[in-house]
Amino acid sequence: MSQPADAAAIAETMYVAHHRWLLVRLRNKLGNNEEAADLVQNTFVQVLTSRELDRIKEPRAYLTTIAQNLLANHFRRQALERAYLEALASLPEAMAPSAETRAIALEALQEVDRLLAGVPRQARQAFLMAQVDGMTHAEIAQALDISIATVKRRILVAAQRCYFADLLD
């Protein structure tokens, strides 16, 4: 593994050589220079903290992989925010939460989404059906066409991911 000073030098070299290219690439995908710039900076933060910098053979491929993961997370957060705002729009005005409550709830939703990102789809679905929709194990089993024992195992997988996320990341 390289020393911290070496890692910083490698990251700086990559930044100088590929920053502009990555910014243009992300701006074309996002259509927004500010969001693209944020994702480029987040990409290089991950590069700087990587333990594999001294082994990178194809810097653009490496940067592309990191940026694509960040871009997927960005789009998933946007979709989550849109769905949340659409759900709020369907509420009667008297039941609509304050701007502060909306911001807190959206942040919590994004954190849950981040925690469940690595969980298999069916486990994520079962967990959300139980926690968000308040469905029973039997109702989830019927909706997903699986046994109640499988529902319990799937929910456990997702719950463990949420509980142990700090240790896993």
Side-chain angles (χ1 to χ4, degrees), residues 22-23 25-53 61-169:
L22 187 57
L23 179 62
R25 183 179 174 99
L26 290 174
R27 183 179 31 217
N28 288 340
K29 289 184 183 275
L30 290 165
N32 181 308
N33 197 52
E34 290 78 23
E35 289 178 342
D38 286 345
L39 286 176
V40 168
Q41 293 307 318
N42 290 339
T43 300
F44 280 102
V45 165
Q46 286 194 18
V47 167
L48 189 57
T49 60
S50 172
R51 295 183 186 130
E52 302 173 9
L53 277 178
Y62 183 74
L63 291 169
T64 298
T65 299
I66 293 172
Q68 284 176 331
N69 289 335
L70 291 172
L71 193 59
N73 290 340
H74 172 78
F75 286 137
R76 194 173 64 243
R77 281 191 308 273
Q78 280 187 330
L80 183 63
E81 184 173 354
R82 271 192 310 276
Y84 176 64
L85 293 174
E86 287 171 9
L88 288 179
S90 68
L91 290 175
E93 191 174 324
M95 293 181 67
S98 69
E100 181 180 0
T101 301
R102 284 193 307 266
I104 291 168
L106 185 57
E107 189 175 313
L109 284 171
Q110 288 172 342
E111 180 63 11
V112 168
D113 180 61
R114 183 190 70 77
L115 291 172
L116 295 177
V119 173
R121 183 187 54 80
Q122 196 175 64
R124 188 173 51 249
Q125 283 179 307
F127 180 79
L128 292 173
M129 288 173 155
Q131 298 300 315
V132 176
D133 299 330
M135 294 173 69
T136 67
H137 290 166
E139 292 169 334
I140 296 167
Q142 184 177 10
L144 297 178
D145 195 29
I146 56 178
S147 71
I148 292 174
T150 301
V151 168
K152 290 177 182 178
R153 284 193 303 274
R154 300 291 188 266
I155 290 173
L156 180 61
V157 165
Q160 286 174 329
R161 173 67 180 135
C162 290
Y163 186 75
F164 296 113
D166 290 339
L167 299 174
L168 298 172
D169 291 336

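Not measured: the values here are computed from a predicted model. Below, all heavy atoms of this structure are taken into account, side chains as well, without hydrogens, waters or symmetry copies.
Judged by distance alone, with hydrogens and angles left aside, the side-chain atoms of Arg102 form a donor-acceptor pair with the main-chain N or O of Pro97 at under 3.5 Å.
Across all non-hydrogen atoms, the minimal contact from Met135 to Ala143 is CE-CB, 4.1 Å. Nearest heavy atoms, Gln122 versus Ile146: NE2-CG2, 3.5 Å. Smallest separation of non-hydrogen atoms from Ile140 and Ala126: CD1-O, 3.6 Å.
Inter-residue side-chain proximity for Gln46 and Leu70 is flagged as met; some heavy-atom pair is nearer than 4.5 Å. The closest side-chain heavy-atom distance from Asn33 to Leu23 is below 4.5 Å. Looking only at side-chain heavy atoms (C-beta outward), Glu100 and Ile104 come within less than 4.5 Å of each other. At a threshold of 4.5 Å between non-hydrogen side-chain atoms, the residues Met129 and Leu144 count as touching. When side chains are defined from C-beta on, Glu35 counts as touching Gln78, because their heavy atoms get closer than 4.5 Å. Two residues are said to be in side-chain contact when any heavy atoms from C-beta on lie closer than 4.5 Å; Phe127 and Leu116 meet this criterion. For the pair Arg114/Gln110, no side-chain contact is recorded, criterion being any heavy-atom separation below 4.5 Å from C-beta on. Using a 4.5 Å heavy-atom threshold, the side chains of Phe44 and Leu22 count as touching.
Between the CG atom in Leu71 and the CZ atom in Arg25 there is a gap of 9.5 Å [rounded to 0.5 Å]. Note: Leu109 CG to Glu107 CD = 10.5 Å, rounded to the nearest 0.5 Å. Between the CG atom in Leu48 and the OG1 atom in Thr43 there is a gap of 12.5 Å [rounded to 0.5 Å]. Between Arg124 atom CZ and Leu115 atom CG the span is 12.0 Å, to the nearest 0.5 Å. To the nearest 0.5 Å, atoms CD1 (Ile155) and CZ (Arg153) are separated by 11.5 Å. For the atom pair Ser147 OG and Arg154 CZ, the distance stands at 8.0 Å (nearest 0.5 Å).
Heavy-atom contacts from other residues, nucleotides or ligands closer than 6.0 Å to CD of Gln142 number 12 or fewer.
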Subject >> CA sep, side-chain torsions, deciding dist, call: Val40, Leu63, side-chain contact (heavy atoms from CB on, under 4.5 Å) >> reply: CA-CA 9 Å; Val40 168; Leu63 291 169; over 6 Å; no

Original post:
Given Asp113 and Arg77, is the salt bridge (Lys or Arg N to Asp or Glu O under 4.0 Å) satisfied, shown in steps?
Top reply: CA-CA 8 Å; Asp113 180 61; Arg77 281 191 308 273; over 6 Å; no

**OP:** Would you sort out whether Asp38 and His74 count as a side-chain contact (heavy atoms from CB on, under 4.5 Å), showing the intermediate values?
**Re:** CA-CA 11 Å; Asp38 286 345; His74 172 78; over 6 Å; no

Subject >> Full working for side chain to side chain donor-acceptor pair (under 3.5 Å) between Arg121 and Gln125 >> reply: CA-CA 6 Å; Arg121 183 187 54 80; Gln125 283 179 307; 2.8 Å; yes

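Sorted by first then second residue, the salt bridge (Lys or Arg N to Asp or Glu O under 4.0 Å) pairs that include residues 136-149, not counting sequence neighbours, number zero.
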